[in-house]
Each structure stands twice: as structure tokens, then as C-alpha cells.
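Report on the structure given below.
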Amino acid sequence: MSYDEVYQRSLSDPEGFWAEAAQAIHWDKPWDKVLDDSRPPFYRWFAGGMLNTCYNAVDRHVEAGRGDQIAIIHDSPVTQSQRKISYAELQDLVGRFAGVLTSLGVTKGDRVIVYMPMVPEAAIAMLACARIGAIHSVVFGGFSSRELATRIDDAKPKVMVAGSCGIEPSRVVHYKPLLDQAIDMAKHKPDHCVILRRPQEPGTMVEGRDVDWETAIASAQPQPCVSVAATDPLYILYTSGTTGIPKGVVRDNGGHAVAMTWSMKHLYAMQPGEVFWAASDVGWVVGHSYIVYAPLLYGCTTIIYEGKPVGTPDAGAFWRVISEHGVSVMFTAPTALRAIKRVDSKAEFLKQYDMSRYRALFLAGERCDPDTLTWAQDILQRPVIDHWWQTETGWGIAANLMGVEPLPVKAGSPTKAVPGYDVRILDDDGHVQDPGKIGRIMIKLPMPPGCLPTLWQNDDRFVDSYLSAEPGYYLTGDAGMKDEEGYLFIMSRIDDIINVAGHRLSTGGMEEVLASHPDVAECAVIGAADQLKGEVPVGLVVLKSGVDRPEEVIDRELVALVREKIGPVADFKKVVVVERLPKTRSGKILRGTMKRIADGQDFNMPATIDDPAILDEIEAKLQTIGYGHHA
Ligand code: COA
Ligand code: AMP
């Protein structure tokens with residue numbers, strides 16, 4: 001079938017389409033209704049169905065004869081080690097870790113926070129939760145203890161699972177003290193923490209509360225898979241909202257398992273038994289979907305890579321992993337390619353490796369600039385597929401479906417809507433935009449299986465944030481356009497979210513931190529264009545009158561404060577003190593205008609600006625830190 005036929009069928013007969021896709025999953029009890037649309041704007045897929053995600057991702061494959069196949073390869077240049085875990089071994093480890101959780105009192109519906117580096121135990125902990133119907137919430141290791149504390153208070157975990165440390169090329173990240181501080185800060189206290197004590201820094205244990213992973217798993221009683229409702233939550237993943245309070249995106253079991261499995265075949269054109277590699281982190285949605293769940297649900301081998309694209313040890317690292325482990329399809333963020341290109345623009349390292357089994361490169365997480373796309377196509381001589389998605393959807397919204405009908409690539413476009421997603425561009429009045437015109441990108445409800453059914457215990461925020469802009473539509477938060485042929489172009493966010501090295505961050509959250517500094521009267525954070533990371537945050541602060549401490553001291557304090565409160569991942573390193581911020585006459589800070597100035601772009605003087613002269617000062621100040629120069 002052609003792309004058009006598949007896409008049209010997914011919209012004209014969604015229930016038939018997804019019921020057919022659901023045949024690829026083992027159900028303990030079939031669903032009563034494919035799509036429960038009795039309570040709009042809340043929609044539930046496979047209502048009444050019962051299944052277990054871990055069974056589908058692990059046990060089922062062992063029963064079908066894949067026990068000896070490698071399920072997980074841990075490739076860790078930062079510790080100079082590798083480990084391979086077969087499906088049979090994974091079943092044993094996950095079953096026993098589920099036993100550890102059960103012995104600590106975790107039962108169906110309880111939350112477990114996982115705060116781990118890129119080690120197989122992160123996936124084992126996630127799958128063990130799924131096995132017993134507990135809900136995991138993985139927190140990215142680059143977040144601070146305060147961010148972790150916010151998530152503890154929202155998810156209220158009974159148990160936390162953490163690594164004692166993470167290893168960045170330049171330093172050991174002290175996870176254990178961060179975990180302890182977060183628990184001190186949080187109002188909710190977990191009963192226990194299971195700590196994977198890594199030799200690089202085993203960390204200090206808290207007696208009575210902390211449990212050693214190795215000791216506990218050695219004597220644990222393996223647990224079977226429990227049946228859960230398709231609509232029960234599998235996990236919560238927090239993502240940046242427009243304030244400092246992150247949103248707890250909920251993922252269900254049934255729709256997720258179906259969407260993940262369908263995508264492996266139709267989007268990535270994978271075959272069970274092949275090796276799939278998403279070079280991301282388990283703390284991000286890409287890691288949940290395409291390091292852990294989708295490859296395992298589909299019976300592939302997945303790679304957990306603990307390293308960087310460059311510097312561990314060189315810019316050939318990605319090609320080494322692909323060649324050494326026989327990767328068929330790899331997925332990463334454009335920023336990783338830009339990092340490689342910067343060091344090895346002629347791709348000399350690539351020549352050392354056998355890439356014969358490698359078929360395609362998928363990119364997501366941020367806009368892929370045409371230069372990077374062309375460079376990757378030239379050096380790899382393989383399809384390079386940009387695809388667009390977000391934490392909320394959990395899988396591609398727009399892509400070039402390699403397993404259906406590969407379409408011609410248009411640089412700068414993630415191609416067309418994925419089946420199940422009715423993507424429309426609406427203008428400010430809610431009318432569908434003409435082709436080629438920019439508007440808000442919306443998805444007509446219901447969204448396909450796999451997308452968030454709600455925010456964790458916060459239906460109201462779910463409706464307010466996503467469903468109230470236009471009745472009957474999900475607001476993606478991105479602006480863009482469709483061309484005459486239906487190709488989508490994703491241009492920018494319409495909120496204050498920025499994308500730094502493929503990491504999604506809230507400038508509002510950073511502003512809250514800057515504003516908490518005693519010398520700061522007001523502030524703004526903008527995402528300035530960056531050749532490597534896409535965007536980087538730049539702070540502009542106005543000091544309280546009477547503050548006469550040196551600006552560079554305050555700047556350093558502000559940089560340190562954001563690192564402490566949000567974490568190194570915010571990559572907040574640039575800040576300038578200004579006399580005033582440009583505002584409209586009604587007092588709205590003109591962040592968009594400042595961003596254009598920072599990027600050296602022309603801008604129209606906003607008609608409502610209260611004092612145009614301020615913009616010259618802003619430009620001059622930004623130039624002192626390397627921004628605001630016309631190309
Ligand atoms: N735990 C603790 N700290 C972490 C971390 C983790 N898991 N991951 C990153 N950090 C820290 C880094 O050490 C760095 O700290 P520093 O300010 O002390 O140097 C900071 O967070 C920023 O990290 P990053 O944005 O990764 O920058 P980098 O300079 O270390 O690396 C790239 C640049 C391009 C190589 C890197 O960003 C990259 O590989 N990006 C791929 C993006 C990606 O996988 N995105 C996921 C969505 S698909
Ligand atoms: P996250 O939730 O962290 O995956 O970030 C999602 C956001 O990243 C989207 O809303 C977009 O703004 C951006 N994004 C992700 N993939 C792409 C892409 N292929 N092209 C343009 N922007 C993207």
C-alpha cells in the first residue's frame with residue numbers, strides 16, 4: 001500500500017486500523033472497545049483490554065525461541081567496558097528485580113522513580129516496574145536535586161532506584177549526594193532507595209533506607225508478570241512546561257505497546273532480530289520509546305551507549321558502535337551530528353569502519369538544518385530521515401515512513417503526518433491555513449495510540465495546556481506550515497520552550513531561578529541560535545536599584561544558581577546585566593525581539609514598544625558576550 005492509502009485508512013477507520021496493529025501484541029484479555037470516545041476530550045485506546053508490557057517486551061520472546069538472542073548491549077566507552085544481555089538473562093534479571101521491588105512493598109499502581117546513568121540496570125528497573133504494574137518515572141541524570149525533588153513530590157514514589165554515579169567525559173557526576181539532597185528537600189519521603197553502587201564512586205548508604213542493588217537482586221524471589229488494564233499507566237515522564245513546574249506526561253500500557261510495535265515496522269522498517277540503536281538517554285522520551293520499549297517489544301537488540309558522539313574517544317565513536325554491533329538503524333539528534341562534523345568534517349573516521357549492515361539514520365529532537373542533513377547524506381550514502389515528535393506523543397508525528405513507502409526528502413521538512421495523526425495548521429482564528437502559510441500546528445482529536453491520555457493526576461492542566469486553545473484539537477506548541485504536497489515544516493515553538501542540544505528546556509523555569517537572586521529586579525531568558533546546540537539560553541537581567549556589586553560577580557552567581565537549581569543540562573552560561581528590558585506599553589517583555597537581535601536578524605520595531613531606544617543597549621550588551629552581530 002502507498003503512504004497515502006495507509007494514511008487515509010488510519011483516519012477513515014481508526015478503530016479497524018489500530019485493532020489490526022494490536023494483533024502484534026499478546027493480550028491477556030482482548031479489549032471491549034478499540035477507542036473509547038465516551039468522555040471527550042479524553043480518549044482511551046483498547047479500553048477493557050488486559051496485558052503486560054514487560055511480558056510483551058521480554059518473556060514472550062523467550063517463549064518464542066529468542067532466549068539466546070542479545071536483548072541489550074551496553075557499550076560504555078567512558079568506563080571502557082561492554083556487556084551483552086540475552087533475552088533469557090534479561091527475563092531473569094527483570095523478574096528478580098521485580099522481586100526486589102515487591103520485597104520493598106511496591107505493588108501495582110505504586111510509583112518508582114529511576115535516576116540512573118546509561119546502564120542496563122536503568123532498563124531493567126523500568127521493565128521490572130512494568131512487570132508488576134508499578135509506574136516508573138525516570139529522571140534524567142543531568143537534572144539538579146531540586147528538579148528531582150519536584151518530581152518526587154509530584155509522583156510520590158514508594159521506592160527510588162538510582163545509580164551511585166554517572167560518568168561524563170570530564171567528571172564523575174555524584175548522583176548519590178544529589179539523590180540524598182533531593183529526598184531531604186522533598187516533602188514526600190520514599191520508603192527505600194535501591195542503589196546500583198558503581199566502582200567509580202560507590203556512594204554512602206543511608207542505613208535502613210538504602211538497599212544495595214547487587215545484594216538485593218542476588219537473593220530476590222523472581223516475580224511473574226501481572227495483568228494490567230490497557231489504560232493503566234506504564235510510566236510518567238516529566239517534561240518542561242511553560243513554568244518551573246514540569247508536566248507529568250502519562251503513558252498507558254496498551255496503546256503504547258501497539259504504537260511502539262507498529263512504528264518499528266512501518267516507520268523504521270526494522271525486522272525482529274536486528275540491532276536498533278537510539279543514541280539518546282533513558283531519561284528522555286526517545287530513550288523510553290526507542291532505547292527500551294520499542295526495540296524490545298519488537299524482538300530487536302537495543303544498545304545502551306554510555307558515551308558521547310565526540311571525545312569518547314573520538315569523532316568516530318558512532319561509526320564504531322554501528323560497525324561493531326551490526327546496527328541496522330540508528331537514531332540521534334542533529335546536534336550530535338553537528339558535533340561530529342565540527343571535528344571531522346570529511347568523515348575520515350568513517351573510513352575505518354564496516355557499515356555494510358547499516359541502512360538508515362533517523363533524526364529528531366530539534367529542527368534539522370539542511371546543512372547537517374546534506375552532510376550526513378553525503379558521508380553515509382544512506383537515507384537520513386528527519387522526524388518530528390515530542391514527549392507528549394511518545395513517537396513520531398511526522399516522518400518519512402521507511403516501512404511503508406519512502407517519499408522524496410525535502411530538506412528542512414520531517415516529511416508528512418504519520419498515520420493516525422490528523423495534523424492541521426490553524427491560524428489565530430482557528431481556521432485551517434493555506435498551504436505555505438505559517439500557523440499553530442495542531443492535531444485533531446483523537447490522537448493515535450501511544451500519545452498521552454492526560455498529565456499525572458492533573459486532568460485540568462492537561463486540558464488547559466493542550467486542549468483548550470481550539471476545541472477538538474491538541475496544541476503541539478510548535479508553529480509551522482504544510483506545503484501543497486502535505487509536507488510539514490516545523491519552524492519554532494510558540495511558547496517559551498527552547499531546545500538546547502536536543503534537550504527541551506523552559507526559559508520560564510530559568511527566569512524563575514534568576515528572579516530568586518536577591519540582586520535581580522527582573523529578567524528574561526531567550527534561546528539564542530547556536531551552531532552546535534541549535535539554541536543556548538541567554539539571560540538578560542536588570543538589577544535592583546542600589547546594587548553596586550561588580551556585574552561579573554553577579555553573572556557568575558547567576559550561572560551557578562541555574563546550574564544548582566535546574567542542573568548542568570540547562571547549559572546556562574551566558575548572562576548580561578542591562579538597564580531595562582524592552583516591553584510593550586502593557587508591560588509584556590519583548591523576548592521575541594531580543595532573540596532576533598541576539599541572532600543578528602532584522603526585526604520590525606514592535607508597534608507597541610514603550611521605548612525603542614532600549615533595543616540599542618540590548619544589542620550592545622549582547623555583543624559583549626558574542627551575540628547580536630549581523631552575519
Ligand atoms: N548527567 C549529568 N550531567 C550531564 C548529563 C548526565 N546524564 N548529560 C549531560 N550532562 C552535563 C554535561 O556534562 C554538561 O556539563 P558541563 O556544563 O559541566 O560541561 C552539560 O550537562 C551540558 O551537556 P550537553 O548539552 O550534553 O553538552 P556537551 O557539551 O557535554 O555535549 C553534545 C555536546 C552535542 C556532544 C551533546 O549534547 C550530545 O551528544 N547531544 C545529543 C543530544 C541527545 O542525545 N538528545 C536527546 C534527544 S534525542
Ligand atoms: P521533546 O518533548 O523533548 O521531545 O521536545 C519536543 C519538541 O522538540 C517539539 O515540540 C519540537 O519543538 C522539537 N522537535 C522535535 N523533533 C523535531 C524535528 N524533527 N524538527 C523540528 N523540531 C523538533
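We use all heavy atoms of the structure for the numbers below, so side chains are in, but hydrogens, waters and symmetry mates are not. Treat the numbers as computed from the prediction; the structure is a model and nothing was measured. One-based numbering, in listed order, for ligands and for the atoms of each.
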Which protein non-hydrogen atom lies closest to [atom], naming both residue and atom, and how far is it?
atom	value
atom 20 (C) of ligand 1	Pro568 O, 3.3 Å
atom 16 (P) of ligand 1	Arg563 NH1, 3.7 Å
atom 45 (N) of ligand 1	Ala501 O, 3.7 Å
atom 16 (N) of ligand 2	Gly365 N, 3.1 Å

Proximal atoms of ligand 1 relative to [X] (non-hydrogen, under 4.0 Å):
X	result
Ser280	44 (O), 46 (C), 47 (C), 48 (S)
Ala279	44 (O)
Val173	2 (C)
Lys573	16 (P), 17 (O), 19 (O)
Lys308	9 (C), 26 (O), 30 (O)

Practice task
Look at ligand 1 and say whether Gly365 reaches it with a heavy atom at a distance under 4.0 Å.
Solution key: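 Flag not set, Gly365 not near ligand 1.
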Handout entry: 4.0 Å heavy-atom contact, Phe331 with ligand 1
Key =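 No; Phe331 lies far enough from ligand 1 that no heavy-atom distance drops under 4.0 Å.
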Handout entry: Test salt bridge (charged side-chain N to carboxylate O under 4.0 Å, His left out) applied to Arg83 - qualifying residues, sequence neighbours left out
Key =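 Result, salt bridge (charged side-chain N to carboxylate O under 4.0 Å, His left out) vs Arg83: Glu121.
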Handout entry: Under-4.0 Å protein heavy-atom contact, atom 4 (C) of ligand 1
Key =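 Flag for atom 4 (C) of ligand 1 set to true, protein heavy atom closer than 4.0 Å.
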Handout entry: atom 36 (C) of ligand 1 protein-contacted, heavy-atom criterion under 4.0 angstrom
Key =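 Under 4.0 Å from atom 36 (C) of ligand 1, zero protein heavy atoms found.
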For ligand 2, the portion of [X] having any non-hydrogen atom under 4.0 Å away:
X	value
His503	neither
Asn499	side chain
Thr391	both

Among [options], which one has a heavy atom closest to [atom]?
atom	options	answer
atom 11 (C) of ligand 2	Asp369, Asp478, Ile498	Asp478
atom 34 (C) of ligand 1	Val285, Thr335, Leu363, Thr391	Thr335
atom 1 (N) of ligand 1	Gly141, Ser170, Ala336, Ala333	Gly141
atom 10 (N) of ligand 1	Glu168, Met118, Lys533	Glu168

Practice task
Any atoms of ligand 2 less than 4.0 Å from a non-hydrogen atom of Ile490? List them with their elements.
Solution key: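 Ligand 2 atoms under the 4.0 Å threshold to Ile490: 21 (C), 22 (N).
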Practice task
Measure the acute angle between the ring planes of Trp389 and His387, then classify it against the limits of 30° and 60° as parallel, tilted or perpendicular.
Solution key: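 Ring orientation of Trp389 relative to His387: tilted.
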Problem - Glu306/Arg198 salt bridge by N-O under 4.0 Å criterion - result: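 Salt bridge between Arg198 and Glu306, a charged N being under 4.0 Å from a carboxylate O: yes.
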Problem - Presence of salt bridge, Arg424 and Asp422, under 4.0 angstrom - result: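 Yes, Asp422 and Arg424 are salt-bridged.
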